Structures are given as structure tokens and as C-alpha cells.
2 protein chains.
Amino acid sequence: MSTGRPRGPYAKTAARRKVILDAALAAYAEAGSRAVSIKDIADRAGLSYAGVLHHFGSREALLTAVLEARDAAAAETYGEEAALWRTDMLAANRETPGLVKLFVDLVAAGAEPGHPAHGFFVERYRTLRRRLSRALAGRPPADERPAPTGDPDPEWAARVLLAATDGLQVQWLLDPASTDIPDDIARLRDVLLDALDRAAAPDRD
Amino acid sequence: MSTGRPRGPYAKTAARRKVILDAALAAYAEAGSRAVSIKDIADRAGLSYAGVLHHFGSREALLTAVLEARDAAAAETYGEEAALWRTDMLAANRETPGLVKLFVDLVAAGAEPGHPAHGFFVERYRTLRRRLSRALAGRPPADERPAPTGDPDPEWAARVLLAATDGLQVQWLLDPASTDIPDDIARLRDVLLDALDRAAAPDRD
């Protein structure tokens with residue numbers, strides 16, 4: 001008789017990993033922008049430093065698992081498909097700058113093909129691009145969407161254009177065929193200029 | 001009588017630093033996506049490892065100076081104000097993935113306030129945001145701009161929305177007051193949805 005749930009040593013290992021990951025997420029949530037060490041996580045999980053690493057194999061593998069656990073928690077709270085329509089997930093990130101920093105550090109390191117986090121990030125962006133483009137293709141008509149949040153202005157457009165360039169570089173390093181950066185940025189520039197024109201002359205259409 | 005140029009020991013130091021930075025840029029340009037070590041740079045500059053570090057004080061300070069030198073070279077080639085209208089600078093980056101990787105790594109590390117590259121990156125983004133928003137505010141009328149490069153499509157919009165989110169996180173970590181990420185992304189989402197609507201129904205206006 002099987003319950004479909006792992007039992008014996010594997011179940012114990014899986015449970016221990018969950019304790020460690022919960023401890024890590026809690027440590028990052030409380031740390032603000034202070035750095036979190038493996039020892040902080042171990043103390044909180046009631047394990048030794050070596051005991052924590054043993055369950056993941058390496059520091060990089062543990063930190064990758066922390067980001068996977070964070071994605072899983074976000075999917076549970078916000079739903080996998082709803083991300084496009086809600087920015088409360090992004091607002092919640094403000095409370096956990098340590099996790100944002102971990103993400104930024106690890107994705108940079110993971111851009112190297114030999115890095116333990118490489119496969120995780122390649123797959124993560126492929127999945128997100130696929131989900132997001134499906135949601136954008138199936139967008140509801142304009143009158144059924146949330147009201148627009150604010151007019152485009154040049155300072156906003158500058159932040160976004162710089163940010164998109166930086167972010168596309170990461171996607172390109174991870175997965176060179178995923179983006180033609182000059183073309184993607186030229187199209188964004190054109191769309192932003194058009195949006196600025198419309199905001200400046202709202203009666204044009 | 002002064003020529004306005006530094007002389008004596010300082011001039012020699014400055015010249016030596018330039019030799020090292022030129023060697024570093026050349027090493028990165030030739031390395032493709034392979035990692036560049038300080039030793040590669042030292043060999044190319046005809047100096048010892050310790051000799052190279054001596055001129056910059058630390059590995060991080062040397063790598064920061066490499067990115068400064070790259071910005072200076074780009075400003076010389078492309079002009080400081082023209083960046084908005086040309087994407088050949090981004091196309092050129094394709095040939096130097098090692099420098100793109102160095103940038104991504106160092107900006108992540110530099111998000112930590114105590115890091116040697118922190119001040120450089122904070123200032124770099126402030127300057128770029130200021131220049132870019134000025135260029136966007138003073139944009140020429142639509143009929144004097146280069147022809148648009150391609151229609152928006154959902155896959156493109158997905159890449160760009162993900163990329164902007166990632167890039168804004170970096171700007172926020174460096175300079176928390178510089179962006180309200182949820183608001184900036186909501187505005188981008190609205191502009192992208194509008195652009196997709198227009199591309200799908202080009203006769204609407």
C-alpha cells in the first residue's frame with residue numbers, strides 16, 4: 001500500500017530540507033538588507049553548518065534552493081498566471097531586500113554555464129517568458145483591465161529603458177538565443193517615445 | 001611653466017594604469033565568454049600579478065576601473081548624448097560577452113553599500129538616468145526619428161517586462177529612492193498592453 005508520499009530515509013531528508021529552507025526564508029525576511037550567512041540559517045534550523053550543507057551539497061546549491069522555495073511560495077500566494085495583473089508581489093519584495101540581493105547575486109554568478117544555479121535560471125526565464133507572453137497574448141480587452149496607473153514621463157522612461165537593457169543582458173548571458181538585445185531595445189525605445197508623445201498630446205487619438 | 005598635465009611619479013603611475021586598463025579591455029575583447037583572470041591582464045601588460053594590483057589597490061578596484069574605462073571608450077566612440085538613438089553600441093556588446101558578464105557580476109556585488117564599486121555604480125545610474133530622461137524629454141518629433149524597427153508582439157513584451165523588473169531591482173538596491181518598482185512596472189505593463197492593442201488593430205487611430 002502506497003500513499004504516494006516518500007517514506008523512510010528519503011522522507012526524513014525531504015522534511016529536513018524543508019526545515020532548512022523555511023529557516024533560510026525566515027532569516028532573509030528578518031534580515032532586511034543585512035547579509036545572511038549559512039551559519040544564520042543553520043542556527044535557526046537547529047543544525048550545524050556542515051549539517052546544512054550536507055543536505056544540499058554546496059553553498060550555491062542551498063542558495064539556489066532558497067530561490068526555488070521563494071518562487072514556490074510566491075506561486076502559492078499569488079497564483080502562477082496572475083503575475084501580470086498584480087504588482088503586490090513586487091511591493092512585497094520591498095520587505096525582503098536580502099532576498100532581492102540574493103537573487104541579483106546568484107543570477108549573475110549563474111550566467112556562467114558551469115555554475116550550479118545555471119540550469120535553474122535558464123529554465124526559470126524560459127518558463128516565465130512563456131507564461132508571460134501567453135498572458136499578454138490573451139490579454140482582456142482594455143475596458144476590462146485595471147485602470148492605468150499613471151502617465152508616462154521621461155524620468156520613468158529613462159529608468160525603464162536602462163533597466164530593460166540590464167535585464168536583457170542577463171537573459172542573453174543565460175540563453176544567448178533568447179533575445180536580440182539591440183532589436184528588443186530599439187522596439188522598446190520606439191514604444192516609449194510613442195507613449196510619451198501620447199501623454200504630451202492626449203487628444204491626438 | 002605647467003602644461004596642465006601631471007608629471008613625475010604621478011604621470012608615470014597614470015601611464016602605467018592606462019597600460020593595465022588597455023590590457024584588460026583587450027583581454028576581455030579577445031576572451032569571448034571565457035573568464036579573464038588578473039593574471040591574464042598582468043601577462044598582457046607585462047607586469048606581475050602583485051604589480052597590477054598595486055596600481056589599483058584591490059581586485060574589485062581594478063575591475064571597477066575596467067568598467068569605467070569601457071564607459072569612457074564608449075562615450076568616445078558613440079558620444080554621450082546619442083545613446084538613445086543608436087543601438088550599435090548594444091550590438092557591439094555582443095562581441096564582448098566577458099565584459100557584459102563582468103558588468104553583471106560587479107553591479108550585483110556593488111549593490112552592497114560597503115563594496116568598492118558601490119559609489120561608481122550609484123553615480124553611473126544617476127548620470128545615465130539624468131542624460132537619458134533629458135534626451136527623452138527633448139525628443140525630436142516623430143517624423144524626424146529613425147523609422148520604427150518592428151511591431152510589438154507578446155514574446156517581445158514578455159522579455160522586456162521581465163528584464164525591466166530585474167533591472168529596476170538593481171537600481172533599487174543601489175539607490176532605494178530612485179524607483180518605486182511596483183509603480184514603474186505597472187506603468188510599463190500598461191504601455192506594453194496598449195502597444196500590443198495598437199499593433200493588433202493598426203487602424204484604430
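Letters A, B, ... mirror the listed sequences (proteins, then strands); counts begin at 1. Hydrogens, waters and symmetry mates are skipped; everything else that's a heavy atom, side chains included, is used. Note that the structure is predicted; figures quoted are calculated from it, not measured.
In this structure, D166(B) and D166(A) have side chains that are not in contact, with every pair of non-hydrogen atoms separated by 4.5 Å or more. No side-chain heavy atom of W172(A) sits under 4.5 Å from any side-chain heavy atom of N93(B).
If you measure heavy-atom distances from A137(A) to chain B, the contacts under 4.5 Å come from both the backbone and the side chain. For chain A, the nearby part of S178(B) is the backbone; its heavy atoms alone come within less than 4.5 Å. Residue contact with chain A, scored on non-hydrogen atoms closer than 4.5 Å, involves the backbone and the side chain of A157(B) alike. In this structure, the portions of R94(B) lying under 4.5 Å from any heavy atom of chain A include both its backbone and its side chain. For L173(B), the part lying under 4.5 angstrom from a heavy atom of chain A is the side chain only.
Annotation: the span from L136(A) atom CG to R189(B) atom CZ amounts to 10.0 Å, rounded to 0.5 Å. One finds the CG atom of L162(A) at 5.5 Å from the CG atom of L128(B) (value rounded to the nearest 0.5 Å). In this structure, I181(A) CD1 and L90(B) CG are separated by 7.0 Å, a value rounded to the nearest 0.5 Å.
Ionic pairing of E155(A) and R129(B) is not present here: no N-O contact between side-chain nitrogen and carboxylate oxygen is shorter than 4.0 angstrom. Between D197(B) and R145(A) there is a salt bridge, with a side-chain nitrogen of the basic residue lying less than 4.0 Å from a carboxylate oxygen of the acidic one. With respect to the salt-bridge test (charged N to carboxylate O, under 4.0 angstrom), the residues D180(A) and R159(B) do not qualify.
When each of A186(A), P113(A), A200(A) is scored by its heavy-atom pairs under 4.5 Å with chain B, the top score falls to A186(A). Across D184(B), L168(B), T165(B), the residue that shares the most heavy-atom pairs under 4.5 angstrom with chain A is D184(B). For the options P152(A), G150(A), P176(A), A111(A), heavy-atom pairs under 4.5 Å to chain B are most numerous at G150(A).
Proximity of a side-chain donor or acceptor of R139(A) to a complementary backbone N or O of L196(B) within less than 3.5 Å is detected. K101(B) contributes no side-chain N or O that, together with a main-chain N or O of V170(A), makes up a donor-acceptor pair within less than 3.5 Å. Proximity of a side-chain donor or acceptor of D190(B) to a complementary backbone N or O of T149(A) within less than 3.5 Å is detected.
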Exercise. Could you go step by step and tell me if D183(A) and W156(B) meet the side chain to side chain contact (heavy atoms under 4.5 Å, CB included) rule?
Worked result: CA-CA 10 Å; D183(A) 184 66; W156(B) 163 81; 5.9 Å; no
For this session: Go through L188(A) and L188(B) one step at a time and tell me if the side chain to side chain contact (heavy atoms under 4.5 Å, CB included) criterion holds.
Result: CA-CA 10 Å; L188(A) 178 60; L188(B) 178 60; 4.2 Å; yes
For this session: Before giving the answer on salt bridge (charged side-chain N to carboxylate O under 4.0 Å, His left out), spell out for D151(A) and R187(B) the whole-Å C-alpha distance, their side-chain angles and the decisive distance to 0.1 Å.
Result: CA-CA 7 Å; D151(A) 270 343; R187(B) 288 157 85 181; over 6 Å; no
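When all heavy atoms are compared, the tightest approach of A108(A) to A108(B) is CB-CB, 4.2 Å.
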